[in-house]
K.L.:
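Questions regarding the structure given below will be posed in turn.
Remember, it's 1-based here, ligands and their atoms both numbered in the order they're listed.
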Amino acid sequence: MSDEPVWRTTSGAVSRRLFIAGTGSILAAAAVGGRAAAASPVIADAARVPALVIGSGYGGSVAALRLAEAGIDVHLVEMGMAWDTPGADGKIFANTTSPDQRSFWLRTRTKQPLSNFLGFPIDKDIPRYTGILDAEEFSGITVYQGRGVGGGSLVNGGMAVTPKRENFGSILPTVNADEMYSTYYPRANAGLGVGLVDPGWFDTAECYQYARVGRKHAQRSGFPFVFVPDVYDWRYMEQEQANTVPRSALAGEILYGNNYGKKSLQKTYLPRIAATGRVTISPLHRVTSVTPASGGGYTVMLEQLTTSGTVSATKSVTADKVFFAAGSVGTSKLLVKLKATGALPNLNGEVGKGWGDNGNVMCGRANHIWDPTGSLQSSIPCGGIDNWAAGGAFAEVAPLPTGIETWASFYLSITKNPNRAQFTWNPATQSVDLNWQTAWKQPSIDMAKSIFDKINAKEGTIYRTDLFGTYKIWGDHLTYHPLGGAVLGKATDNYGRLAGYQGLYAIDGSLIPGNTSVNPFVTITALAERNIEKIIATDF
Ligand code: FAE
């Protein structure tokens, strides 16, 4: 295995093979998956099922696919919507410039990651609806997550990064790196349809002027700029730029879903799941409890939700095996509650611990008037500044797809922040707290400054102070990358089997102890592929 970062050598060929042939439209993909979905009813009250998977993001989709391929009937339960039906505008998903009820999970006002522009607040009132992006607020941090069949893949930027091999030991210290890099990362990259922008096209594409400015500034300060793979269909992106297809990334679609070119799980794992004929998907079903059943297996309590978030029915089903794939926050909250309230008292004391934010911190820089970043910006980032080894930061050169020239360079940094938080049950509020403190982002800010102070000094530029409030430089109040809470080898064994109970598993971002050094979903997918292979071989 070469020491070359994997993102430089990833081929785009895989992505084209796996992509739904002939169209980039999510409507077409939904129609393929939708036929199977329509044929399979949602889970019935009092059902007895062999395997129940909670959550349909990366971990849940891998688990469902591989179990079904092994001949096991699976019920995949998802609290968000199916996202297969167009709204009044003919599109399934809203865009960032005009958020509406589809955009946020049960909020009456948007809570956009960039809350201000030129110092003015940009959030607006929306109808309360089971929308796609959850801005879940804990005391010191807002955690953004996807809601719907496809989980975070619906809302994310699709940056599909395999960590450098030399960093893997600190990401998942108990996992055999040789196996991951020879088998499970390649499997995950193939399954997700990961591809790389054509560097020659990048050099001339109007929509990546912002990224070329980012590259120029990085290189002039001596930092390596690296292309970052993505699950976006790059051929479709080129057609968007040429204006020969409906625009998606070039129409500001990100955060609230993407109608055409992004290969979310709706275009990769989920159609393969549907094709097995063994998986029932129940959208708008929220798991509230899992407890041992008297006759063996587990009683799982579900709430069926309306699109306004009210409970229309409760169901009790029995599952022989239960896979927690509700995401780092969702899985942690369930496990902490179930242990504390006596539903699963034998879970060990590691449950809820080891949670981190992947060191996320955002900032913007104000460029000179002769350095415009472009009014047309692709919402899909394709490059980053790698200062991980020297300064502990890997910074995505991110878009600001406002439709107007802003002269702003915008960045999401992933940093080596050492702080870890814990989820605990709060009996007074009957809910789960997270003890993260905003001040714990300071190491992330310092690491990001290792890049941007230097660039500002070299370019004679300053930080933007108008994007996260008034006179506030750092977006230090949020994360897109929650990780941990049911850490591999601590709350579980080395394959995600939860301590204390046979037949209960964690199989999502909750297994990863807080940091992946790069964007996390390829690692979440690869780890799930590794774990489910072992579980199917030994536990069924
Ligand atoms: P996840 O994908 O969150 O799926 C969990 C699912 O469980 C969700 O669909 C939930 O609705 C559902 N759920 C939760 N609780 C329950 C319950 N009680 N009952 C039923 N269902 C439930 O988990 N990562 C990258 O690698 N590259 C990127 O470019 C990137 N960009 C991002 C941009 C944004 C705005 C956001 C929010 C995230 C981004 N991420 C990115 C992070 C990535 O999407 C995230 O790490 C994965 O989605 C986590 O995968 P999991 O399978 O752990």
K.L.:
Does ligand 1 come near enough to Met159 that some N or O of the ligand is less than 3.5 Å from an N or O of the residue?
P.N.:
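Such a contact does occur with ligand 1.
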K.L.:
May I ask you to identify, for Leu483, whether its side chain, its backbone, both or neither come under 4.0 Å of ligand 1 on a heavy-atom basis?
P.N.:
neither
K.L.:
Any idea which atoms of ligand 1 are less than 4.0 Å away from a heavy-atom of Ala325?
P.N.:
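Counting atoms of ligand 1 from 1, those under 4.0 Å from Ala325 are 5 (C), 6 (C), 7 (O).
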K.L.:
Polar-atom distance check: Gly80 versus ligand 1, any N or O pair below 3.5 Å?
P.N.:
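N/O-N/O distance under 3.5 Å: no.
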K.L.:
Of the choices Ala326, Gly509, Gly55, which has the non-hydrogen atom that lies closest to atom 5 (C) of ligand 1?
P.N.:
Ala326
K.L.:
Got an N/O contact under 3.5 Å between Gln145 and ligand 1?
P.N.:
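No, since none of the N or O atoms of Gln145 sits under 3.5 Å from an N or O of ligand 1.
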K.L.:
Considering only heavy atoms of Gly151, which atoms of ligand 1 have at least one such atom less than 4.0 Å away?
P.N.:
2 (O), 4 (O), 8 (C), 9 (O)
K.L.:
Just to be sure I read this right, does ligand 1 sit under 4.0 Å from the backbone of Ile54, its side chain, both, or neither, counting only heavy atoms?
P.N.:
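It is the side chain that gets close, since no backbone atom is under 4.0 Å.
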K.L.:
Below 3.5 Å, N or O to N or O, backbone or side chain included: is there any such pair between Val287 and ligand 1?
P.N.:
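Such a contact does occur with ligand 1.
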K.L.:
Among Asn156, Leu527, Thr523, Ile507, which residue meets the side-chain contact (heavy atoms from CB on, under 4.5 Å) test with Tyr58?
P.N.:
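In the set Asn156, Leu527, Thr523, Ile507, the residue that makes a side-chain contact (heavy atoms from CB on, under 4.5 Å) with Tyr58 is Asn156.
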K.L.:
Do any N/O atoms on Ser328 end up under 3.5 angstrom from N/O atoms on ligand 1?
P.N.:
no
K.L.:
Check this for me, if you would: do Asp386 and Lys164 make a salt bridge, where the nitrogen-to-carboxylate-oxygen distance has to be below 4.0 angstrom?
P.N.:
yes
K.L.:
Have a look at Trp105 and tell me which of Met81, Arg128, Met79 forms a side-chain contact (heavy atoms from CB on, under 4.5 Å) with it.
P.N.:
Met79
K.L.:
Under 4.0 Å from a heavy atom of Gly327: which atoms of ligand 1 are those, numbered in the order shown and with their elements?
P.N.:
5 (C), 23 (O), 53 (O)
K.L.:
Which part of Ile524 is near ligand 1, with near meaning a heavy atom under 4.0 Å away: side chain, backbone, both or neither?
P.N.:
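Just the side chain.
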K.L.:
Donor-acceptor pair, distance only, cut-off 3.5 Å: does the side chain of Asp508 make one with the backbone of Gly327?
P.N.:
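Yes, because the side chain of Asp508 sits within donor-acceptor range (under 3.5 Å) of the backbone of Gly327.
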K.L.:
If you measure every N/O of Val155 against every N/O of ligand 1, is any gap under 3.5 Å?
P.N.:
no
K.L.:
Using distance alone, with no hydrogens and no angle criterion, decide if Tyr184 and Glu533 have a side-chain donor and acceptor under 3.5 Å apart.
P.N.:
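The criterion, which ignores hydrogens and geometry beyond distance, is satisfied for Glu533 and Tyr184.
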K.L.:
Taking ring-ring contact (aromatic ring centres under 6.0 Å, His included) as the test, write out the residues that go with Phe117, two or more places apart.
P.N.:
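So Phe117 forms no ring-ring contact (aromatic ring centres under 6.0 Å, His included) with any residue.
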K.L.:
Could you list the atoms of ligand 1 found under 4.0 angstrom from a heavy atom of Val77?
P.N.:
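Per the distance check, 20 (C), 21 (N).
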K.L.:
Give the numbers and elements of all ligand 1 atoms closer than 4.0 Å to a heavy atom of Glu78.
P.N.:
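Selected atoms, number and element: 6 (C), 7 (O), 8 (C), 9 (O), 10 (C), 11 (O), 12 (C), 21 (N).
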K.L.:
Is the closest basic N to carboxylate O distance between Arg48 and Asp320 below 4.0 Å?
P.N.:
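Answer for the salt bridge query: yes.
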K.L.:
For atom 2 (O) of ligand 1, what's the nearest protein heavy-atom neighbour? Residue, atom name and distance, please.
P.N.:
Gly152 N, 2.9 Å
K.L.:
Just to confirm my output: which protein heavy-atom neighbour is closest to atom 37 (C) of ligand 1, and how far is it?
P.N.:
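That would be Tyr144 O, 3.3 Å.
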K.L.:
In plain terms, say whether Glu253 and Lys262 are close enough for a salt bridge, that is, a side-chain N and a carboxylate O under 4.0 Å apart.
P.N.:
no
K.L.:
Looking at Asp134 and Arg147, does any basic side-chain N land under 4.0 Å from a carboxylate oxygen?
P.N.:
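Yes.
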K.L.:
Should Gly330 be counted as touching ligand 1, given the test is an N or O pair under 3.5 Å?
P.N.:
no
K.L.:
With backbone taken as N, CA, C and O and side chain as the heavy atoms from C-beta onward, which portion of Lys333 lies under 4.0 Å from ligand 1: side chain, backbone, both, or neither?
P.N.:
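The answer is neither.
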K.L.:
Would you say ligand 1 has an N or O under 3.5 Å from any N or O of Gly150?
P.N.:
no
K.L.:
Does some non-hydrogen atom of Glu396 fall short of 4.0 Å from ligand 1?
P.N.:
no
K.L.:
Taking a cutoff of less than 4.0 Å between a non-hydrogen atom of the residue and any ligand atom, is Gly60 in contact with ligand 1?
P.N.:
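Flag not set, Gly60 not near ligand 1.
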K.L.:
State which residues pass ring-ring contact (aromatic ring centres under 6.0 Å, His included) with Tyr269; sequence neighbours excluded, sorted by chain then number.
P.N.:
none
K.L.:
Before signing off on this row, confirm whether Gly148 and ligand 1 have an N or O atom pair separated by under 3.5 Å.
P.N.:
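Yes: some nitrogen or oxygen of Gly148 is under 3.5 Å from one in ligand 1.
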K.L.:
Polar-atom distance check: Arg147 versus ligand 1, any N or O pair below 3.5 Å?
P.N.:
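Yes, there is a polar N/O contact under 3.5 Å.
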K.L.:
Between Glu529 and Arg66, is there a side-chain N and carboxylate O pair less than 4.0 Å apart?
P.N.:
yes
K.L.:
Please list, in number order, the atoms of ligand 1 under 4.0 Å from a heavy atom of Leu255.
P.N.:
35 (C)
